[in-house]
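Chain letters run A, B, ... following the sequence lines, proteins first and then strands; every chain starts at 1.
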There are 2 protein chains.
Amino acid sequence: MKIHNSFVSKPTYIKSQREFSNILHGFDELDMKLLFELTKDGSISVPTLSKKLGINASVLYSRIKRLVKKKLIKKFTVEIDDSLLGISVKANVGINRDPKFKDEIHKKFMETPEVVSISEITGRFDIMIQVYAKNLESLHSVVIEKIGKIEGIQNTETFVELQKTDKDPVYLNELT
Amino acid sequence: MKIHNSFVSKPTYIKSQREFSNILHGFDELDMKLLFELTKDGSISVPTLSKKLGINASVLYSRIKRLVKKKLIKKFTVEIDDSLLGISVKANVGINRDPKFKDEIHKKFMETPEVVSISEITGRFDIMIQVYAKNLESLHSVVIEKIGKIEGIQNTETFVELQKTDKDPVYLNELT
DNA sequence: CTTGAAATGAATTGTCC
DNA sequence: GGACAATTCATTTCAAG
């Protein structure tokens, strides 16, 4: 049975807001546990998971299938160590641009291999991009030669990442 | 046989700089193809991959094992759709801090569930953090109430992500 | 070192409770 | 949601090129 979000108020027997929204989306604590385990190890076998969680394997098969079907799991993938592939410098670059060239600039970024993500943002900059490079020298040349010379780009400001700490996945947390 | 980087110059029969560094690290084009396929679909079976690439399954078994052993593949995992878990606002926050409180601030960030990554950077800010929140109101309250009030934080500047484009993985690209 | 096939063992599906 | 049986598939091993 499917219940639509906006017509339901939170019943008292549901403890946390998170549990509530999970139920509204049709996902429960077991789904969250699965996401947690699969994020840690996406190659774990269902029978192994079954033992670990103390839940029948058939249930896990159908749950995981459901998580994939409902697109909560976008895909199974691998996490790769960039540094072993020669990427030793990562930077964010804040950019201001002439709005007239928005699409053309986006296209240029898509064509620049060193640019790995492009975000439209609010605030001091219009765009923030992520740039991966082999070393500082090549980062510099990418920003100055390739990016700085794109028509419509008015200003760039580079933030080189010295050290990054990634945290546990969000769905483990209680967001306020 | 292992050859150390700095003592070897690029022989002429090796076409690209990328191919060269892969060889130095002991990884070749087949390894790159595997990384590409596994990034696209980490749950593909080896026999299926074998047909797709036209390469004997035994070879792929040993190659993948090697990629994992050498830590080029850090782990198998799943990609999750945050928005379906109620995360509808993502922001980067640039921060200036009193260096005396560096460690204490880092610890506070680690304790704040909305903070998903922490980067030490060069430039206008000392730190850039990524914040996930349910909505703009909760983002605002996290930045003002939780982060702004941490001792030693002098200044914050929030960049709300309006739209983000992620690109293809780096190891497909030719970096200069 | 690479291939292919055969034997093993494990994962997956379906059915019934 | 759980248990089990029937089936399919992945993985390892080994023998030969």
Contacts of type side-chain hydrogen bond (donor to acceptor under 3.5 Å, both in side chains), residue B:Lys71, not counting sequence neighbours: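 Applying side-chain hydrogen bond (donor to acceptor under 3.5 Å, both in side chains) to B:Lys71 gives none.
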
Write down the distance between [atom1] ([X]) and [atom2] ([N]), rounded to a whole number of angstrom.
| X | N | atom1 | atom2 | value |
| --- | --- | --- | --- | --- |
| A:Leu53 | D:dG2 | CG | C1' | 15 Å |
| B:Leu60 | D:dT11 | CG | P | 11 Å |
| A:Asn56 | D:dC4 | CG | C1' | 9 Å |

Apply salt bridge (charged side-chain N to carboxylate O under 4.0 Å, His left out) to [X] and list each qualifying residue two or more places apart in sequence or on a separate chain.
| X | value |
| --- | --- |
| A:Arg63 | A:Asp28, A:Asp31 |
| B:Lys90 | B:Asp82 |
| B:Glu151 | none |
| B:Asp41 | none |

Salt-bridge present (A:Lys146, A:Glu114; N to O < 4.0 Å): yes

A:Lys149 and A:Glu145 ion-paired at < 4.0 Å: yes

Span of DNA chain C, from the first to the last nucleotide whose atoms fall under 4.0 Å of chain B heavy atoms: C:dT3 to C:dG4

side-chain contact (heavy atoms from CB on, under 4.5 Å) partners of B:Glu137, counting only residues at least two apart: B:Asn135

Residue list, side-chain contact (heavy atoms from CB on, under 4.5 Å) with B:Phe109, at least two apart or on another chain: B:Ile95, B:Ile105, B:Val115, B:Ile118, B:Ile127, B:Ile129, B:Ile147, B:Ile150, B:Ile153

Give me the distances for all protein-to-nucleotides 13-17 of chain D N/O pairs that come in under 3.5 Å?
none

Side-chain H-bond candidate by donor/acceptor type, B:Ser45 with B:Thr48, under 3.5 Å: yes

Could you list all N or O pairs between the protein and nucleotides 6-10 of chain D that sit under 3.5 Å apart?
from, atom 1, to, atom 2, distance (Å)
D:dA10, OP1, B:Ser45, OG, 2.6

Side-chain N or O of B:Lys65 closer than 4.0 Å to phosphate OP1/OP2 of D:dT12: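 Indeed, a polar side-chain atom of B:Lys65 lies that close.
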
Check: B:Thr39 main-chain N/O paired with A:Thr77 side-chain donor or acceptor under 3.5 Å: yes

A:Ser88 side-chain N/O to A:Lys134 backbone N/O, donor-acceptor pair under 3.5 Å: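 At least one qualifying donor-acceptor pair exists.
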
Fellow cluster residues of A:Met128, listed by chain then number, with links counted only when side-chain atoms sit under 4.5 Å apart: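 A:Ile121, A:Phe125, A:Phe159, B:Ile121, B:Phe125, B:Met128, B:Phe159, which link up through side-chain heavy atoms under 4.5 Å apart, make up the rest of the cluster.
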
Pairing pattern in dot-bracket form [Watson-Crick, G-U; both distances under 3.5 Å; | = partner strand] for DNA chain D: |||||||||||||||||

